[in-house]
Amino acid sequence: MADRVRLRLLAFVAASLAIFGASAIPAHAQPVDVRLVLAVDSSSSVSIDEFYLQLEGYAAALSHPKLLAAIGSGPNRAIAVTLFEWSGEGEQRINYPWRRLDDAASLDRFARELALAPRLVVGGETAIGEAIEFARTLFEKSDFVEGRAVIDISGDGTNNRGIAAETARDRAVADGVTINGLAILNEEPGLDEYYRRAVVGGRGAFVLSARDYADFAEAILNKLVREIGNVADYQPISADKFGHRM
């Protein structure tokens, strides 16, 4: 396991150096349709294998042609994305700073990096409200000033530390941010109802659920396509249309 984590860390550093060295056009000069913050649960209830299943699920979704089609459906044909891990109070770490995704190459590049990413937060409580507050600040730090602001939060437990999830949600919604949720039900079967009541909010907000981490890839693809593309035309993607499972 130590070798696996070390290899992921080395790959993450190399990929980060390549990204920062290759940026030729200022980010603020590149309009996008959606600014998307991906908030990944890394609390104590998430094992190391379950954490990697989350990242591999995102990687599989990014490689799916339905996601590319969803991105291409907007007027700017591009989205901006950043990803961070969260657990307890003060335990939020950015894995990937803001980047623009606008074609198959950029999606594939991000997918390959996610498949090799190390875990930066290990253990801790489940501070959903703190994660939402942290996510809200990331929009202020982005040079992407156009596009809908969306927080995409996934987790397998209810808030048990720090600011109440409802309080943080209401602050984000007041700023014009939409919060969508993906509830992983292996620990708490009724978590999706909690997410509907206490976590999600804003224009077009919704909750999807996964029975366990093995179902995460399919659920996250549906979630990303729905929040990026035309919600009115959204049709769920079933397992037989998903291609490969992680």
Side-chain angles (χ1 to χ4, degrees), residues 36-61 83-93 95 114 117 119-136 150-173 177-202 204-227 234 236-239 242 245-246:
L36 182 61
V37 176
L38 304 177
V40 178
D41 189 353
S42 195
S43 59
S44 295
S45 61
V46 180
S47 71
I48 195 74
D49 287 335
E50 289 171 341
F51 173 77
Y52 289 136
L53 281 172
Q54 289 185 82
L55 292 191
E56 289 164 0
Y58 277 111
L83 183 147
F84 75 95
E85 298 171 37
W86 60 273
S87 61
E89 290 180 274
E91 293 295 332
Q92 302 93 25
R93 299 290 184 273
N95 300 67
L114 285 175
R119 185 173 184 173
L120 303 182
V121 175
V122 181
E125 302 292 337
T126 304
I128 297 175
E130 302 288 339
I132 293 173
E133 286 283 283
F134 182 81
R136 188 164 63 99
V150 178
I151 298 171
D152 181 333
I153 189 162
S154 60
D156 66 3
T158 56
N159 191 79
N160 61 19
R161 183 69 63 179
I163 186 174
E166 296 92 335
T167 300
R169 174 201 59 199
D170 292 346
R171 289 176 180 171
V173 171
V177 176
T178 295
I179 305 171
N180 298 322
L182 174 54
I184 305 167
L185 307 180
N186 64 317
E187 296 283 339
E188 300 182 31
L191 186 63
D192 51 347
E193 291 302 323
Y194 171 79
Y195 264 57
R196 290 186 183 94
R197 183 177 71 255
V199 178
V200 306
F206 63 90
V207 176
L208 293 182
S209 61
R211 288 169 297 183
D212 52 34
Y213 284 92
D215 286 334
F216 186 88
E218 181 181 331
I220 201 63
L221 173 62
N222 277 285
K223 189 167 185 290
L224 291 172
V225 168
R226 182 172 175 178
E227 60 199 357
Y234 170 74
I237 302 166
S238 61
F242 186 74
R245 297 292 296 275
M246 299 303 295

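- Between V173 and D170 there is no side-chain heavy-atom pair separated by less than 4.5 Å.
- No side-chain heavy atom of L185 sits under 4.5 Å from any side-chain heavy atom of D212.
- Closest approach of R169 and V199 over heavy atoms only: CG-O, 3.3 Å.
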Residues L191, T158; criterion side chain to side chain contact (heavy atoms under 4.5 Å, CB included); working and verdict:
CA-CA 7 Å; L191 186 63; T158 56; 3.7 Å; yes
Decide yes or no on side chain to side chain contact (heavy atoms under 4.5 Å, CB included) for V177 and V150, but give the supporting numbers first.
CA-CA 6 Å; V177 176; V150 178; over 6 Å; no
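- R226 contributes atom CZ, which lies 13.5 Å from atom CG of L221 (distance to the nearest 0.5 angstrom).
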Does the side chain to side chain contact (heavy atoms under 4.5 Å, CB included) test come out yes or no for V46 and Y213, once each step is laid out?
CA-CA 10 Å; V46 180; Y213 284 92; 3.3 Å; yes
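- Residues satisfying the side-chain contact (heavy atoms from CB on, under 4.5 Å) test with N159, not counting sequence neighbours, are I128, A165, Y194.
- Taking all atoms of both residues into account, the shortest heavy-atom contact from L55 to A117 is CD1-CB, 3.7 Å.
- Listed by chain and residue number, E133 satisfy the side-chain hydrogen bond (donor to acceptor under 3.5 Å, both in side chains) test with R171 (two or more places apart in sequence, or in another chain).
- Residues passing the ring pair (Phe, Tyr, Trp, His ring centres under 6.0 Å) test with F51, sequence neighbours excluded: none.
- Once rounded to the nearest 0.5 Å, the distance linking CD1 of I151 with CD of E227 reads 11.0 Å.
- Here the shortest heavy-atom pairing between D152 and L36 reads CB-CD1, 3.8 Å.
- Scanning for side-chain contact (heavy atoms from CB on, under 4.5 Å) contacts around A205 gives T178, N180, V200, with sequence neighbours left out.
- For the pair L182 and V207, the minimum side-chain heavy-atom distance is 4.5 Å or more.
- For S154, the side-chain hydrogen bond (donor to acceptor under 3.5 Å, both in side chains) partners at least two apart in sequence or on another chain are Q54.
- Atom-to-atom distance recorded for S209:OG and N222:CG is 10.5 Å, nearest 0.5 angstrom.
- For Y58, the ring pair (Phe, Tyr, Trp, His ring centres under 6.0 Å) criterion is met by F216, not counting sequence neighbours.
- To the nearest 0.5 angstrom, N186 atom CG is 10.0 Å from D215 atom CG.
- The minimum heavy-atom distance linking A172 with I179 is given by the pair CB-CD1, 3.9 Å.
- With hydrogens and angles left out, the side-chain atoms of T126 and R161 include no donor and acceptor closer than 3.5 Å.
- Atom CD1 of I184 sits about 6.5 Å away from atom CG of D41, to the nearest 0.5 Å.
- The list of salt bridge (charged side-chain N to carboxylate O under 4.0 Å, His left out) pairs with a residue in residues 180-196, not counting sequence neighbours, reads D192-R196, E193-R196.
- Qualifying side-chain hydrogen bond (donor to acceptor under 3.5 Å, both in side chains) partners for S45, counting only residues two or more places apart in sequence or in other chains: S43, D156.
- The shortest side-chain heavy-atom distance between F134 and W86 does not fall under the 4.5 Å cut-off.
- Closest of all the heavy-atom pairs between I163 and A168 is CD1-N, 4.3 Å.
- Without hydrogens or angle criteria, E85 side chain to V121 main chain gives a donor-acceptor distance under 3.5 Å.
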Going through the distances and angles, do L83 and L114 end up as a side chain to side chain contact (heavy atoms under 4.5 Å, CB included)?
CA-CA 10 Å; L83 183 147; L114 285 175; 3.9 Å; yes
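- The distance from the CD atom of E125 to the CG atom of N160 is 4.5 Å, given to the nearest 0.5 Å.
- Annotation: side-chain hydrogen bond (donor to acceptor under 3.5 Å, both in side chains) contacts of Q92 (sequence neighbours excluded): none.
- A cation-pi arrangement is absent between R119 and Y52 under the rule of less than 6.0 angstrom and at most 45 degrees off the ring axis.
- Closest heavy-atom contact between S44 and G124: OG-N, 2.7 Å.
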